[in-house]
There are 2 protein chains.
Amino acid sequence: MQVHKMRFETSTIKDIAKALGLSTSTVSRALRDRYEISAKTKKIVLAYAEQVNYKANPIARSLKERRSYSIGIIVSEIANNFFSQVINGIESIAYDKDYHVIISQSHESYKQEKLNVEHLASRSIDGLLIALSSETQDINYLKDLYAKGLPIVFFDRVPDNFETHKVIANNFKGSFEATEHLIYSGKRTIAHLTSSENLSTTKERLEGYKAALAKHNIEFNPQLVKFCQHGGMHSEELEQAVKALLPLNPDGIFISADRLTTGFIMALKKTNPELAHTIAIAGFTNSNLVELFSPSLTSVKQPAFEIGQVATELLISMIEAKRPITEFEIRILDTELVST
Amino acid sequence: MQVHKMRFETSTIKDIAKALGLSTSTVSRALRDRYEISAKTKKIVLAYAEQVNYKANPIARSLKERRSYSIGIIVSEIANNFFSQVINGIESIAYDKDYHVIISQSHESYKQEKLNVEHLASRSIDGLLIALSSETQDINYLKDLYAKGLPIVFFDRVPDNFETHKVIANNFKGSFEATEHLIYSGKRTIAHLTSSENLSTTKERLEGYKAALAKHNIEFNPQLVKFCQHGGMHSEELEQAVKALLPLNPDGIFISADRLTTGFIMALKKTNPELAHTIAIAGFTNSNLVELFSPSLTSVKQPAFEIGQVATELLISMIEAKRPITEFEIRILDTELVST
DNA sequence: TTGAAAGCGCTAACAA
DNA sequence: TTGTTAGCGCTTTCAA
């Protein structure tokens with residue numbers, strides 16, 4: 001453990017105080033730029049601190065201030081373009097405001113999600129940004145933490161029975177446009193492949209799909225809708241969906257999630273390659289590789305980076321709020337339809 | 001700030017001590033399972049702690065023990081399949097050993113990398129796992145930290161003048177096989193698109209490429225090799241490379257990095273779509289979407305997850321070593337050639 | 001086997 | 001404006 005001791009042989013506030021013949025509190029005040037302190041002493045302290053390359057020990061500060069300047073993030077998977085872009089947005093704001101982020105993955109498992117959240121909470125995060133796993137139904141553990149004072153902001157996959165800030169894409173509109181796009185290109189038998197019914201996104205996107213059909217007088221056929229409980233984490237799930245849908249002869253399909261979109265195309269190419277280029281595909285995906293895909297598809301892109309930014313701004317505002325917040329916002333950001 | 005105070009109204013060691021009429025040290029010993037302590041008291045303490053859902057405050061512990069049980073990770077981009085898989089491997093080991101991880105992205109910028117590392121160091125990470133940015137040449141700032149006692153393990157992009165553990169893929173062999181694969185399919189004018197010359201991976205992969213050419217008596221033509229200083233972060237870089245290579249009429253190309261591989265295909269499709277299916281492509285990529293690509297390609301897959309695992313095991317062994325380590329390992333893991 | 005006490009580095013109420 | 005002092009929650013030496 002010597003190694004460690006060594007590393008901390010950096011100067012502390014105490015060292016500076018001693019060297020300059022001041023008290024630690026004066027040094028602290030100079031460094032934190034707080035309270036009344038003479039410009040002169042401040043300058044001296046700052047100069048000396050600079051000279052000895054003083055770095056405040058964030059752990060000591062955290063212990064004293066009872067906060068860690070860190071925020072927790074829970075996503076299902078970082079190897080998912082949507083989420084990695086959201087994370088970039090989160091970081092862009094967090095680092096700016098001097099917070100650091102701790103990322104955890106639920107891998108679409110409720111158990112893992114709960115474990116991670118509790119682990120983060122015990123690590124004294126100051127706030128939590130979370131997109132629920134596709135398995136999650138019981139959010140009482142989050143309510144408990146929230147009640148104990150942990151600020152939480154939901155993004156993407158949000159619960160409806162939880163009063164706090166939420167940031168989502170305009171799922172209804174995005175789905176409506178994607179479905180309508182298929183209709184405009186002459187498709188009439190449009191299947192819909194989607195995630196677990198638990199997810200808010202699933203419900204909203206299903207509504208958009210239905211609305212587009214209704215607008216164009218196409219009867220809604222529940223058989224054309226297939227749910228994947230695990231969000232496409234397992235390829236069997238997708239192959240089964242393909243197998244169930246094809247007998248209905250769809251000429252188009254609208255897919256409601258990143259992993260499902262790519263997973264569906266893979267499953268289709270694997271099981272029925274001859275159909276890959278005959279079924280028109282429109283789906284949610286933030287992959288920056290869509291241009292390379294064959295068959296090509298029309299993609300609904302979510303403003304992932306912005307979602308991350310907005311969620312972080314809201315979270316930090318909650319963390320730094322002087323009084324409990326009672327008015328909550330649901331921010332809805334527009335998607336973009338991209339054809340290649 | 002009330003919000004915060006509230007959150008910490010969880011029981012502390014002191015509370016338990018008071019409730020049970022013991023001293024804090026006894027409670028601490030019981031909880032940490034240390035020193036001589038009577039089985040009886042231990043049981044009482046443990047039961048009570050369980051009952052009140054006691055959670056140790058990691059910040060207080062860190063301050064006292066001068067370590068944070070967290071490790072820092074620097075990658076260029078998490079939205080890169082290779083790196084996100086490495087991170088999954090890192091987490092699988094770290095969480096098991098009760099460390100948490102803090103991920104930072106350099107975005108291939110030396111300045112950002114240095115900033116992030118120093119930020120992490122000031123956050124008292126216990127160790128660092130890093131893949132250098134494509135811009136990085138001066139690693140003195142890392143040497144300084146290392147000299148001060150911060151354990152560091154390099155992976156993927158490693159420096160040659162730094163004595164510590166390193167974990168890499170067998171870049172030479174992977175490149176050799178990929179190039180040879182192109183040769184076996186009858187290609188003779190094989191271009192090579194690669195990253196910044198700074199990177200260790202660039203050098204090793206170039207050697208593999210050359211060796212395969214040599215084995216098959218194909219003369220090495222330096223003009224067929226193009227370096228991308230920014231690792232394909234900018235699309236212009238790639239379009240220029242395409243423009244420079246095509247006049248040489250390559251019938252195959254071997255590409256040495258994930259982002260370059262996908263970037264090159266995009267650039268080719270954009271500028272010379274008619275050639276997209278005539279040039280045989282082999283390239284490093286860990287994308288799980290290659291099956292969807294058109295044109296298709298032969299991919300060199302790195303054992304990313306394992307690289308993360310091994311690097312983390314080595315790092316934790318350094319962190320927990322009782323005495324300074326003097327023998328270092330370079331672990332080389334085999335790649336896999338996948339044709340679709 | 002247990003307790004008292006010091007101290008990790010920092011902040012902030014209170015006193016001067 | 002500055003200093004004194006207490007204390008955040010925990011671990012650990014020393015004494016009992």
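Order of the sequence lines fixes the chain letters, A, B, ..., with proteins taken first and strands second; residue numbering starts at 1 for each chain.
Bending across the helix from C/dT1-D/dA16 to C/dA16-D/dT1, expressed as the angle between its end axes from five pairs apiece, amounts to 40° (10° rounding).
Regarding contacts with the backbone of D/dC8, every side-chain N or O of A/Arg67 stays at 4.0 angstrom or more from both OP1 and OP2. A close approach under 4.0 Å does not occur between any side-chain nitrogen or oxygen of B/Thr24 and OP1 or OP2 of D/dC10. OP1 or OP2 of C/dC10 sits under 4.0 Å from a side-chain N or O of A/Tyr54. Residue B/Ser25 has no polar side-chain atom (N or O) positioned under 4.0 Å from OP1 or OP2 of C/dA5. In terms of phosphate contacts, B/Thr26 brings a side-chain nitrogen or oxygen within less than 4.0 Å of OP1 or OP2 of C/dG3. Of the side-chain N and O atoms in B/Ser28, one or more sit less than 4.0 angstrom from OP1 or OP2 of D/dT11. The phosphate of D/dC8 (OP1 or OP2) has no side-chain N or O of B/Thr12 nearer than 4.0 angstrom.
With sequence neighbours excluded, no residue forms a ring pair (Phe, Tyr, Trp, His ring centres under 6.0 Å) with A/Tyr54.
Per the geometry, CZ belonging to A/Arg32 stands 18 Å off P belonging to D/dT2, to the nearest Å. Whole-Å rounding puts the A/Arg29 CZ to D/dT5 C1' distance at 12 Å.
When heavy atoms are screened at a 4.0 angstrom cut-off, A/Leu22 is found touching the sugar-phosphate backbone but no base atom.
Under a cutoff of 6.0 Å and an axis angle of 45°, B/Arg157 and B/Phe154 do not form a cation-pi pair.
Of the candidates A/Ile44, A/Ile13, A/Val45, A/Leu22 forms a side chain to side chain contact (heavy atoms under 4.5 Å, CB included) with just one, namely A/Val45.
By the 4.5 Å heavy-atom criterion applied to side chains, A/Glu306 and A/Val167 are not counted as neighbours.
At a cut-off of 3.5 Å, with distance as the only test, no side-chain donor of A/Ser109 or A/Ser106 sits close to an acceptor on the other residue.
Salt-bridge check for A/Arg331 with A/Glu329: passed, with a basic side-chain N closer than 4.0 Å to an acidic carboxylate O.
Of the candidate nucleotides C/dT1, D/dG3, C/dC8, C/dT1 has the atom nearest to the side chain of B/Thr41.
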